[in-house]
Visitor: 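The structure follows.
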Amino acid sequence: MLRIGRIDYLNVWPLFQGLRMRMEPDVRDQVRLVAGHPSELNVALASGELDIAPSSSFEYLLHAQRYNLLPDLSICSHGSVRSVLLACPFSPREMPDRLAGGLQVGLSSASASSVALLQVLWRFFWKWPEPEWVELHPGEGLATGRPFLEIGDLALRLSCEMPPGWHLVDLGQAWRDFTNLPFVFGVWMVRRDLTAQTDQLLDHVVKALHAAANEFTRDPCAAATQIERPTWLPVENLKEYWQCIRYSFGPQEQAGLMLFGDYIRRLGRIPAVPGLSWSVPMKRDKHLVA
Ligand SMILES: C=C(O[C@@H]1C=C(C(=O)O)C=C[C@H]1O)C(=O)O
């Protein structure tokens, strides 16, 4: 049995749809998909309830000794991402003045990477004074009337149905403006203590994931007509969204992840930036281990 985490957001829908379509019945019988938001998957992975999951890049940077990474697969954006947003009930230009009077800023309890990204941008890019950070459940932010971080489909919904008077800051775009690099929100982590019996199963799943990712990269909009969309999401918005989401994990994305690691080290959240440990040799390194 292979226990796979599935982020319950539209950002990975095409990947899991592709996986489902490609799994042979005997493989499907041996795979259990467990859905949750990234923080839930981080906890389940760390405690060994899951064997493999796409989840927060922050969790990898924090506990890299527990995991290997699937090569060539991530959840990232090269600019605007649309589903990781700082929502603000006033113009963000007013932030320094508002902070002078003391201000709480809400952080989604669903997130690890985006929480840290917001704190990195706050300190090193915008250079705003530190607010009082408070944790909020997903969907609770608007009612507070204060700035808050939202991720996933709830954030995408905010970007489709912009609440009157609110301003949205896209954190994928802000990271691009800051560093000129992609931001890797999620990576695929495989627990290092996975038993050898699951090797073949894992191999099959990884091949299917790569095929699904390649198909998505070739035509990110194709899946938009296959899915039953929520009423708040026009098909054009979904197509635009999936053109922002990328599953690649090449040198640019790796550089973005390492730079993020260095900033969170400077924030004191990790003692040192770990190396990237792969679950199978990278394609370009195969000749080294042959
Ligand atoms: C792009 C997104 O990234 C997600 C955000 C994560 C986090 O903040 O920890 C983890 C995985 C990603 O799926 C999103 O929320 O849509």
Side-chain angles (χ1 to χ4, degrees), residues 4-16 33-46 50 52-63 67 69-70 73-87 106-122 133 135-139 141 148-160 168-176 182-189 209 213 216 220 230 233 237-238 240-249 253 256-257 260-261 263-264 267 269-270:
I4 307 178
R6 178 172 66 77
I7 300 176
D8 225 355
Y9 298 156
L10 287 163
N11 62 1
V12 289
W13 191 89
L15 204 51
F16 280 91
L33 289 172
V34 181
H37 59 57
S39 291
E40 288 166 342
L41 298 187
N42 294 341
V43 170
L45 257 178
L50 288 175
I52 164 172
S55 203
S56 307
S57 53
F58 183 86
E59 167 66 12
Y60 179 78
L61 294 167
L62 191 61
H63 296 131
Y67 309 116
L69 295 167
L70 289 189
L73 269 184
S74 81
I75 304 164
C76 70
S77 78
H78 284 224
S80 165
V81 62
R82 287 173 192 237
S83 58
V84 178
L85 303 173
L86 171 67
L107 299 172
S108 169
S109 61
S111 159
S113 307
S114 310
V115 164
L117 171 61
L118 178 63
Q119 293 175 331
V120 163
L121 293 167
W122 204 279
W133 302 110
E135 191 174 282
L136 295 178
H137 291 296
F148 66 97
L149 168 75
E150 196 75 271
I151 71 164
D153 296 0
L154 286 167
L156 181 62
R157 183 169 186 173
L158 288 176
S159 74
C160 292
L168 301 177
V169 182
D170 186 307
L171 298 197
Q173 186 59 51
W175 173 259
R176 182 89 209 181
F183 189 81
V184 176
F185 293 93
V187 290
W188 278 81
M189 286 169 271
L209 286 171
F216 176 73
L233 183 60
N237 292 44
L238 180 58
E240 282 166 20
Y241 177 50
W242 279 341
Q243 289 176 77
C244 295
I245 297 290
R246 313 253 180 122
Y247 297 145
S248 45
F249 199 13
E253 291 83 9
L257 179 61
F260 175 53
Y263 278 117
I264 60 174
L267 283 181
R269 305 289 294 277
I270 56 172

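Order of listing sets the numbers, starting from 1, for every ligand and every atom in it. Source: prediction; values computed, not measured.
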Visitor: With a 4.0 angstrom cut-off on heavy atoms, strictly below it, pick out the residues next to ligand 1 and order them by chain and number.
Guide: I7, Y9, N11, P38, S56, I75, V81, S83, V84, S111, A112, S113, S114, I151, G152, F185, Y241

Visitor: Do S109 and E135 have a side chain donor and acceptor closer than 3.5 Å?
Guide: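 Per modelled atom types, S109 and E135 side chains form no pair under 3.5 Å.
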
Visitor: Which residues satisfy the ring-ring contact (aromatic ring centres under 6.0 Å, His included) test with F16, sequence neighbours excluded?
Guide: W188

Visitor: What residues, two or more places apart in sequence or in another chain, satisfy side-chain hydrogen bond (donor to acceptor under 3.5 Å, both in side chains) together with Y241?
Guide: S83

Visitor: Could you give the distance from CZ (F216) to OG (S248), rounded to the nearest 0.5 Å?
Guide: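 Spacing of CZ (F216) from OG (S248) equals 10.0 Å.
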
Visitor: Using distance alone, with no hydrogens and no angle criterion, decide if Q119 and Y263 have a side-chain donor and acceptor under 3.5 Å apart.
Guide: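 On atom types as modelled, these side chains do not qualify, holding no pair under 3.5 Å.
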
Visitor: How would you list, by chain and number, every residue that makes a side-chain hydrogen bond (donor to acceptor under 3.5 Å, both in side chains) with S114, sequence neighbours excluded?
Guide: none

